[in-house]
Amino acid sequence: MEENSEHKVSWLESACAVPAGSTYLDVKKAFQWKNDVLMVNTGDEAKELRSKVCGDCDVVPLTFDDARARWALRHTAAHVLAQAVMRLYPEVKLGIGPAIEDGFYYDFDSPVSFGPDALAKIEEEMKKIVSENLPVTREEVDKEAARSLFAQDNQPYKLELLEDLPEGETISLYRQGEFVDLCAGPHVPSTGYVKAFKLLSVAGAYWHGDEKQAMLQRIYGTAFVKQNDLDKYLERLEEIKKRDHRRLAKDLDLFSLQEEGGPGLVYWHPKGSIIREEVENFWRQEHRKRGYDIVYSPHIAKLDLWKQSGHWGWYRDSMYAPMAIEEVEYLLKPMNCPFHILIFRNDTRSYRDLPIRTAELGTVYRYERSGVLHGALRVRGFTQDDAHLFVRPDQLVEEIVGVLELTQFMMETFGYKEYEYMLSLRDPQDKSKYVGDDDVWEPAQEAIETALKRKGISYKVDLGEAKFYGPAIDVKIKDALGRMWQGPTIQVDFNLPERFDIAYIGEDGARHRPVMIHRTVLGSMERFIAGLVEHYAGAFPMWLAPVQVQVIPVSEKQASYSEKVTAALKDAGLRAVSDLGSAKMGYKIRQAQLQKVPYMLIVGAKEAEAGTVSVRHRAEGDLGAVALDCFVRQAAEEVSTKSLNPIVTKADPKGGD
RNA sequence: GCCAGCGUAGCUCAAUGGCAGAGCAAUUGAUUUGUAAUCAAUAGGUUAAGGGUUCGAUCCCCUUCGCUGGCUCCA
């Protein structure tokens with residue numbers, strides 16, 4: 001993977017918009033490559049050279065094929081987009097246009113709305129700008145000059161952005177042809193670099209992301225250095241579409257949403273219910289092993305309870321309107337915590353009883369605005385795998401560690417291998433969104449950090465992501481396509497125990513306040529299983545597959561043997577189906593393949609004679625004939641070990657040919 | 001909720017200001033087959049719902065509902 005220096009310099013140019021006149025030597029003195037990482041040389045000479053080469057763009061160590069070059073390219077692509085739009089629609093006002101994770105966007109305030117036709121037209125114009133290969137140049141001006149420039153262009157949003165910049169600071173502008181934009185850079189040297197790009201979609205977006213501000217039209221696109229990478233990205237989008245849980249849930253008959261029943265409410269069909277049941281059984285078993293008590297609680301409770309818990313004050317926007325029952329108002333539950341607290345409070349608790357771990361597959365209802373609903377991933381009624389741990393302060397860290405271990409174990413069982421840990425803290429700017437004072441928030445945060453450190457887990461801090469009652473660890477999990485999903489969440493809460501005045505009797509005979517840990521491992525059944533559908537692309541591991549084995553007779557003469565095989569499988573606890581329809585065998589195999597049934601057993605005259613089955617695996621194909629009892633044993637083992645991969649292997653030689 | 005787009009048979013999709021169609025699935029019959037689609041027939045629709053324009057609307061306009069992509073929000 002040795003790259004020559006010239007090539008590296010061209011990448012560097014890409015990343016920094018090297019001004020005309022800088023030489024290869026300049027570049028070489030300012031930077032050096034170490035194992036494909038661009039390091040900034042230290043020392044005054046290097047610093048000076050660096051500023052000559054790169055203006056004031058802050059070059060940071062950068063991996064060779066990373067980020068920075070692609071970022072610059074996409075940022076320039078965004079400018080090309082804006083330039084094209086301005087050529088076609090001169091009356092448009094420009095918002096902002098940054099590079100993002102997988103591409104770029106630009107926001108426009110336009111009197112005409114951009115449909116698919118407009119998008120195609122804009123893309124054509126962009127191609128023209130690219131072929132013009134306009135040099136991208138950086139200019140530095142003072143604020144006054146920038147102000148008059150954008151005032152003259154009649155660009156109110158740019159003027160607003162300008163006002164947010166500190167007074168007296170130099171303003172950088174980037175110019176390509178007739179187009180000029182307020183921009184920090186960096187960019188690629190000319191528009192000709194933007195070869196492999198594509199516009200993807202238009203969407204509304206609020207100015208400054210604030211729903212009280214104007215709504216602009218955002219055009220999304222993506223760009224890559226090489227065409228090949230763009231093609232690969234577009235293929236990946238196709239793959240994501242194919243795996244979409246809404247598509248697969250329909251094809252595999254797992255669950256549905258019913259227009260007549262109302263949006264955001266999930267109907268679990270028999271096959272989806274089997275998956276859910278398996279997940280829930282596994283969940284229960286693992287929780288019992290770890291000393292959890294599993295409970296059930298009601299779906300409604302008096303309004304007063306929600307007032308006491310603080311939900312009515314802090315969470316009302318997400319709750320459904322009260323209903324009057326015999327003149328007392330009740331609310332549908334959006335969370336399970338108050339119920340578990342009532343169960344805790346039902347008895348006098350000793351310090352010896354703690355920790356008490358109360359778990360429930362609790363169905364909650366939350367008002368989600370119509371526009372945010374998304375398949376089964378974002379719904380209005382869902383079942384959380386919830387638990388509340390009531391612990392003594394001295395047990396807090398240890399219990400958080402226990403929860404972290406449980407979540408890791410469960411995620412791994414489902415085949416999720418990579419995680420990102422986020423420490424969600426209060427928004428320091430606006431503490432009014434949270435209940436309780438610093439003296440309860442700080443120990444909570446400290447306990448979480450200690451637990452994470454004890455497990456040697458590195459994490460990022462997410463300000464403003466805390467729940468209203470406490471800070472949290474939010475775990476993001478990476479699926480088979482490399483996408484990150486919200487996974488387990490662990491929250492420490494000193495507030496609700498206070499509000500409900502719960503206590504345990506300590507060694508000293510006095511009342512002490514327990515601490516609560518709120519946590520979910522899977523999140524919700526709806527979201528988690530929808531995520532699993534996409535993670536496995538519908539091909540569930542054996543233990544979760546709704547149908548585990550499909551028995552397919554070669555002709556109707558083997559109907560009774562087929563039934564016998566199916567009965568043996570069922571006796572072993574396997575979910576087996578015998579396909580006795582009049583269709584051809586090939587057709588039945590196709591159906592089973594499309595339903596992603598793990599194993600198909602083909603039984604013809606030979607097998608009936610020898611007491612064997614011909615095994616076909618959905619991914620491995622034909623595995624040959626094995627003795628029936630041998631297959632049953634291996635299949636049952638694959639289920640009981642929750643194996644992610646098939647363990648039934650090529651034929652046992654005794655079993656047949 | 002906001003912006004844009006979409007809504008035709010169970011599913012995937014055609015069509016047109018003038019009789020609404022195909023493939024798959026379903027049903028029935030024939031066929032009994034060796035590792036991804038046997039043949040034929042039948043049935044299936046208030047074109048999301050309501051209103052308007054028109055001699056005539058699935059198509060044009062309005063309202064409502066739902067979905068999709070985003071924004072904001074979130075398990």
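Reminder, nothing fancy here: chain letters follow the sequence lines and each chain counts from 1.
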Practice task
Can you run through RNA chain B from 5' to 3' and write each base as (, ), [, ], | or . depending on how it pairs? Watson-Crick or G-U wobble, both distances under 3.5 Å.
Solution key: (((((((..((((....[..)))).(((((.......))))).....(((((..]....))))))))))))....
Practice task
Would you give the length of the straight line joining atom CD1 of Ile529(A) to atom CG of Leu544(A), rounded to the nearest 0.5 angstrom?
Solution key: 8.0 Å
Exercise for the section: Find the distance between CD (Glu420(A)) and OH (Tyr459(A)) and round it off to the nearest 0.5 Å. Expected result: 14.5 Å
Practice task
Side chain of Ile602(A) only, please: which of U32(B), G69(B), U35(B) is the nearest?
Solution key: U35(B)
Problem - Sugar-phosphate, base or nothing in reach of Leu594(A), heavy atoms under 4.0 Å - result: base
Handout entry: Cation-pi check, Lys333(A) onto Phe339(A) ring (under 6.0 Å, within 45° of axis)
Key = yes
Exercise for the section: For the residue pair His311(A) and Phe468(A), categorise the inter-ring angle as parallel (less than 30°), tilted (30 to 60°) or perpendicular (more than 60°). Expected result: perpendicular
Practice task
Let me know the distance between CD1 of Ile219(A) and P of G5(B), rounded to the nearest Å.
Solution key: 13 Å
Practice task
Could you check which residues of residues 331-339 of chain A get a heavy atom under 4.0 Å from RNA chain B? Sort them by number, please.
Solution key: none
Exercise for the section: Answer yes or no: does a side-chain N or O of Lys467(A) lie under 4.0 Å from OP1 or OP2 of A75(B)? Expected result: yes
Practice task
Using the six-membered ring of Tyr315(A), assess whether NZ or CZ of Arg366(A) lies under 6.0 Å from its centre and within 45 degrees of the ring axis.
Solution key: no
Practice task
For RNA chain B, determine which residues of residues 202-218 of chain A have any heavy atom closer than 4.0 angstrom to one of its atoms, and list them numerically.
Solution key: Val202(A), Ala203(A), Gly204(A), Ala205(A), Tyr206(A), Gly209(A), Glu211(A), Met215(A), Arg218(A)
Practice task
Remember a base hit wins even if backbone is also touched, and classify Gly586(A) as base, sugar-phosphate or nothing at under 4.0 Å, heavy atoms.
Solution key: sugar-phosphate
Practice task
Using the P atom on both, measure A30(B) against A36(B) and round to a whole Å.
Solution key: 28 Å
Problem - Point-to-point distance, once rounded to the nearest 0.5 Å, from OG of Ser562(A) to NZ of Lys557(A) - result: 14.5 Å
Any N/O pairs under 3.5 Å between the protein and nucleotides 22-29 of chain B? List them or say none.
from, atom 1, to, atom 2, distance (Å)
A25(B), OP1, Tyr587(A), OH, 2.5

Fill in the blank from the handout: Taken to the nearest whole Å, CG/Asp253(A) to P/C11(B) is 12 Å
Practice task
Could you tell me the separation between the CG atom of Asp107(A) and the P atom of A4(B), rounded to a whole number of Å?
Solution key: 15 Å
Practice task
With heavy atoms under 4.0 Å as the rule, sort Val379(A) into base, sugar-phosphate or nothing.
Solution key: base
Exercise for the section: Write down the distance separating the C1' atoms in U38(B) and G21(B), rounded off to the nearest Å. Expected result: 25 Å
Handout entry: Verdict with supporting geometry, Glu235(A) and Glu239(A), side-chain contact (heavy atoms from CB on, under 4.5 Å)
Key = CA-CA 6 Å; Glu235(A) 268 169 42; Glu239(A) 177 61 25; over 6 Å; no
Handout entry: Touch class at under 4.0 angstrom, heavy-atom based, for Arg247(A) against every strand present
Key = sugar-phosphate
Exercise for the section: Taking the six-membered ring of Tyr105(A) (Phe, Tyr or Trp), confirm whether the NZ or CZ of Arg218(A) is under 6.0 Å from its centre and within 45° of its axis. Expected result: yes
Exercise for the section: Examine the base of G1(B) for any acceptor or donor lying under 3.5 Å from a partner atom in the side chain of Glu368(A), and report the outcome as yes or no. Expected result: no
Fill in the blank from the handout: Ranking G34(B), C11(B), A75(B) by distance to the side chain of Lys250(A), first place goes to C11(B)
Practice task
Compare the ring of Phe382(A) with the six-membered ring in the base of A75(B) and state whether they stack (centres under 5.5 Å, planes under 30°).
Solution key: yes
Exercise for the section: For Ser318(A), report the nucleic acid contact type (base, sugar-phosphate, nothing); a contact means any heavy atom under 4.0 Å. Expected result: nothing
What's touching nucleotides 60-67 of chain B from the protein side, N or O pairs under 3.5 Å?
from, atom 1, to, atom 2, distance (Å)
G66(B), O4', Glu259(A), OE2, 3.3

Problem - Between U64(B) and U27(B) - P atom distance, rounded Å - result: 41 Å
Practice task
Side-chain contact test, heavy atoms from C-beta onward, threshold under 4.5 Å: evaluate it for Ser113(A) versus Gln217(A) and give yes or no.
Solution key: yes
Problem - P atoms of C59(B) and U47(B), separation to the nearest Å - result: 10 Å
Practice task
Could you check whether the rings of His245(A) and Phe255(A) sit parallel, tilted or perpendicular, using 30° and 60° as the cut-offs?
Solution key: tilted
Exercise for the section: Among Arg527(A), Arg247(A), Arg483(A), Arg246(A), find the one that has a salt bridge (charged side-chain N to carboxylate O under 4.0 Å, His left out) with Glu534(A). Expected result: Arg483(A)
Practice task
In whole angstrom, give the distance that lies between atom CZ of Arg378(A) and atom C1' of A75(B).
Solution key: 9 Å
Practice task
Would you indicate what Ala592(A) reaches in the nucleic acid, counting non-hydrogen atoms under 4.0 angstrom: base, sugar-phosphate, or nothing?
Solution key: nothing
Handout entry: Upstream residue (5' side of RNA chain B) when His374(A) and Ser524(A) are each assigned their closest nucleotide
Key = His374(A)
Exercise for the section: Determine whether any donor atom in the side chain of Arg366(A) lies under 3.5 Å from an acceptor atom in the base of C73(B), or the reverse, and answer yes or no. Expected result: no
Handout entry: C2(B) to U58(B) separation - P atoms, rounded to the nearest Å
Key = 29 Å
Exercise for the section: Indicate whether OP1 or OP2 belonging to C71(B) is found under 4.0 Å from a side-chain N or O atom of Tyr220(A). Expected result: yes
Problem - Nucleotide nearest Ile589(A) when distance is taken to its side chain, options G34(B), A36(B), U72(B) - result: A36(B)
Problem - Approximate separation, where rounding is to 0.5 Å, of Met411(A) CE and Phe528(A) CZ - result: 4.5 Å
Exercise for the section: Send over the distance from Asp462(A) CG to C74(B) C1', rounded to a whole Å. Expected result: 13 Å
Fill in the blank from the handout: The side chain to side chain donor-acceptor pair (under 3.5 Å) partners of His617(A) (sequence neighbours excluded) come to none
Practice task
Look at Arg290(A) together with Glu286(A) and state whether they make a salt bridge at an N to O cut-off of under 4.0 Å.
Solution key: yes
Handout entry: Integer angstrom distance from the C1' of U53(B) to that of A4(B)
Key = 26 Å
Practice task
Could you measure between the two C1' atoms, the one in C71(B) and the one in A15(B), and give it in whole Å?
Solution key: 36 Å
Exercise for the section: Pick base, sugar-phosphate or nothing for Gln595(A), based on heavy-atom distances below 4.0 Å to the nucleic acid. Expected result: nothing
Handout entry: C1' spacing across the pair A14(B) / G45(B), given as an integer number of angstrom
Key = 15 Å
Practice task
Quickly work out the Gln384(A) CD to C74(B) P distance and round it to whole Å.
Solution key: 14 Å
Problem - Rounded distance (Å) that lies between atom P of G34(B) and atom CD of Glu556(A) - result: 14 Å
Completion exercise
Output for pair (Met516(A) CE, His388(A) NE2), nearest 0.5 Å, gives 4.5 Å
Exercise for the section: Could you state the atom-to-atom distance from CD1 of Ile100(A) to C1' of G69(B) in whole Å? Expected result: 13 Å
Problem - Pair Arg369(A) + Glu211(A), salt bridge at N-O below 4.0 Å - result: yes
Problem - Reported CD-to-CD1 distance for the pair Gln491(A) and Ile448(A), which is rounded to 0.5 angstrom - result: 8.5 Å
Practice task
Give a yes or no on whether the backbone of His287(A) and the side-chain of Arg357(A) come within a donor-acceptor separation of less than 3.5 Å.
Solution key: no
